[in-house]
Amino acid sequence: MTTSRRKHRSRPARDAAPLPESTDAEPVVETADSPKTQSVEALDLEFAGPLRRIYAFAIDIGLLLMLKYVIDTASGSFDLSLGRQNIYEVAIFLTYFIIPTGLFGRTIGKWVAGVSVVDEEGNKPGVALAIPREMVGRFVATISFGVGIIWVIFDKNRQGWHDKMAGTYVVVRHNSGGPGFFARMLAPQEEPTRSKARQTRRVGRPPKRRRRRNRRH
């Protein structure tokens with residue numbers, strides 16, 4: 001009885017997982033000292049000067065005084081002094097500055113003046129930064145005989161004490177959408193010449209084609 005011997009053929013080895021290719025580039029190791037985002041100074045933003053900021057603050061105070069006059073007239077007692085019965089006015093004052101500044105980076109006065117408040121990364125500050133800026137920082141800057149407010153003139157980044165305490169900046173927004181009539185007076189732009197004005201008017205309009213009339217000879 002013959003036994004058939006099967007030749008054991010060497011089976012090919014299973015495909016091994018490909019080894020990662022060695023690269024010469026060194027792996028990037030993130031450290032705590034390496035900045036994750038750019039700072040506001042590296043974003044090439046224009047810091048708002050004192051005149052713009054005074055203009056924005058004057059508009060905000062004017063609106064709040066008008067609101068106070070309406071409330072006091074409706075209640076029958078108009079008084080500019082601050083008493084216990086007027087604590088709600090302080091709440092309105094703080095709410096007016098904290099909520100719009102935190103959510104939108106600007107109040108109505110800042111919107112008209114073409115400025116906004118940003119954090120150290122150039123984003124909207126949020127309510128978490130708006131509260132110490134408007135409640136603590138502005139109070140300290142005001143009771144120090146206004147030195148914290150005047151500090152904007154001498155600081156290179158145009159920061160007051162309230163900005164430094166909260167880590168915020170006030171920057172110029174040229175295309176903010178607000179009227180900005182006085183803001184444009186503070187930073188006048190060159191008036192276009194007649195030739196430039198004609199070119200800008202013609203941009204986007206198709207050229208006029210003259211209709212040729214068939215003349216019979």
Side-chain angles (χ1 to χ4, degrees), residues 28 30-67 90-190:
V28 179
E30 294 184 357
T31 59
D33 299 334
S34 60
K36 295 182 180 180
T37 55
Q38 293 183 350
S39 61
V40 68
E41 298 179 0
L43 296 176
D44 195 16
L45 296 175
E46 180 183 355
F47 298 111
L51 293 179
R52 283 179 179 267
R53 299 182 66 164
I54 292 173
Y55 174 51
F57 187 72
I59 293 176
D60 291 329
I61 293 298
L63 292 175
L64 289 173
L65 289 177
M66 291 174 60
L67 181 61
V90 178
I92 293 174
F93 178 86
L94 294 176
T95 304
Y96 176 83
F97 281 98
I98 291 174
I99 301 300
T101 302
L103 298 181
F104 309 105
R106 64 184 65 183
T107 57
I108 297 177
K110 291 183 176 63
W111 173 69
V112 174
V115 298
S116 64
V117 182
V118 297
D119 59 4
E120 295 180 352
E121 298 177 358
N123 302 321
K124 298 175 183 178
V127 181
L129 291 181
I131 290 176
R133 182 182 189 272
E134 303 298 336
M135 292 184 63
V136 182
R138 195 178 291 276
F139 177 74
V140 173
T142 305
I143 64 173
S144 59
F145 302 100
V147 177
I149 305 297
I150 301 174
W151 196 261
V152 176
I153 303 175
F154 307 100
D155 191 77
K156 64 176 183 178
N157 295 332
R158 301 300 186 182
Q159 285 181 295
W161 287 4
H162 52 298
D163 291 318
K164 291 184 177 296
M165 292 178 65
T168 56
Y169 302 83
V170 181
V171 297
V172 179
R173 301 292 188 186
H174 295 285
N175 299 325
S176 62
F181 48 88
F182 192 75
R184 296 187 185 94
M185 292 175 60
L186 297 176
Q189 300 177 358
E190 297 181 358

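Residue numbers count from 1 along this sequence.
Ser116 meets the side-chain hydrogen bond (donor to acceptor under 3.5 Å, both in side chains) test with Arg173; sequence neighbours excluded. Listed by chain and residue number, Tyr96, Thr107 satisfy the side-chain hydrogen bond (donor to acceptor under 3.5 Å, both in side chains) test with Asp60 (two or more places apart in sequence, or in another chain). Qualifying ring-ring contact (aromatic ring centres under 6.0 Å, His included) partners for Phe93, counting only residues two or more places apart in sequence or in other chains: Phe97. Take Arg158 and apply the salt bridge (charged side-chain N to carboxylate O under 4.0 Å, His left out) test, not counting sequence neighbours, and it matches no residue. Judged as a side chain to side chain contact (heavy atoms under 4.5 Å, CB included), and not counting sequence neighbours, the contacts of Ile153 are Pro50, Ile150. Under the side chain to side chain contact (heavy atoms under 4.5 Å, CB included) criterion, Ile98 pairs with Leu94, Val127, Ala130, Ile131, Glu134, Met135, not counting sequence neighbours.
Taking every heavy atom of both residues into account, Arg138 and Phe57 meet most closely at NH1-CE1, 3.7 Å. Of all heavy-atom pairs between His162 and Ala141, the closest is ND1-CB, 4.2 Å. Closest non-hydrogen pair, Ala113 versus Ala56, comes out as CB-CB, 3.8 Å.
Note: Ile61 CD1 to Ile54 CD1 = 12.5 Å, rounded to the nearest 0.5 Å. Interatomic distance, Arg52 CZ to Lys110 NZ, rounded to the nearest 0.5 Å: 13.5 Å. With rounding to the nearest 0.5 angstrom, the CE atom of Met165 is 12.0 Å from the CZ atom of Arg133.
Of the possible donor and acceptor atoms, none in the side chain of Gln159 sits under 3.5 Å from a partner among the backbone N and O of Tyr169. Put simply, the side chain of Asp119 gets close to the backbone of Glu121: a donor and an acceptor are under 3.5 Å apart.
Listed by first and then second residue, the salt bridge (charged side-chain N to carboxylate O under 4.0 Å, His left out) pairs that reach into residues 139-155 are Asp155-Lys164, sequence neighbours excluded. Here side-chain hydrogen bond (donor to acceptor under 3.5 Å, both in side chains) pairs that include residues 139-148, with residues two or more places apart or in two chains, number zero.
Considering only heavy atoms from C-beta on, Tyr55 stays 4.5 Å or farther from Val115 through its side chain. At least one side-chain heavy atom of Leu63 sits less than 4.5 Å from a side-chain heavy atom of Ile59.
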- prompt: Can you list the steps and then say if Trp151 with Asp163 is a side chain to side chain contact (heavy atoms under 4.5 Å, CB included)?
  reply: CA-CA 10 Å; Trp151 196 261; Asp163 291 318; over 6 Å; no
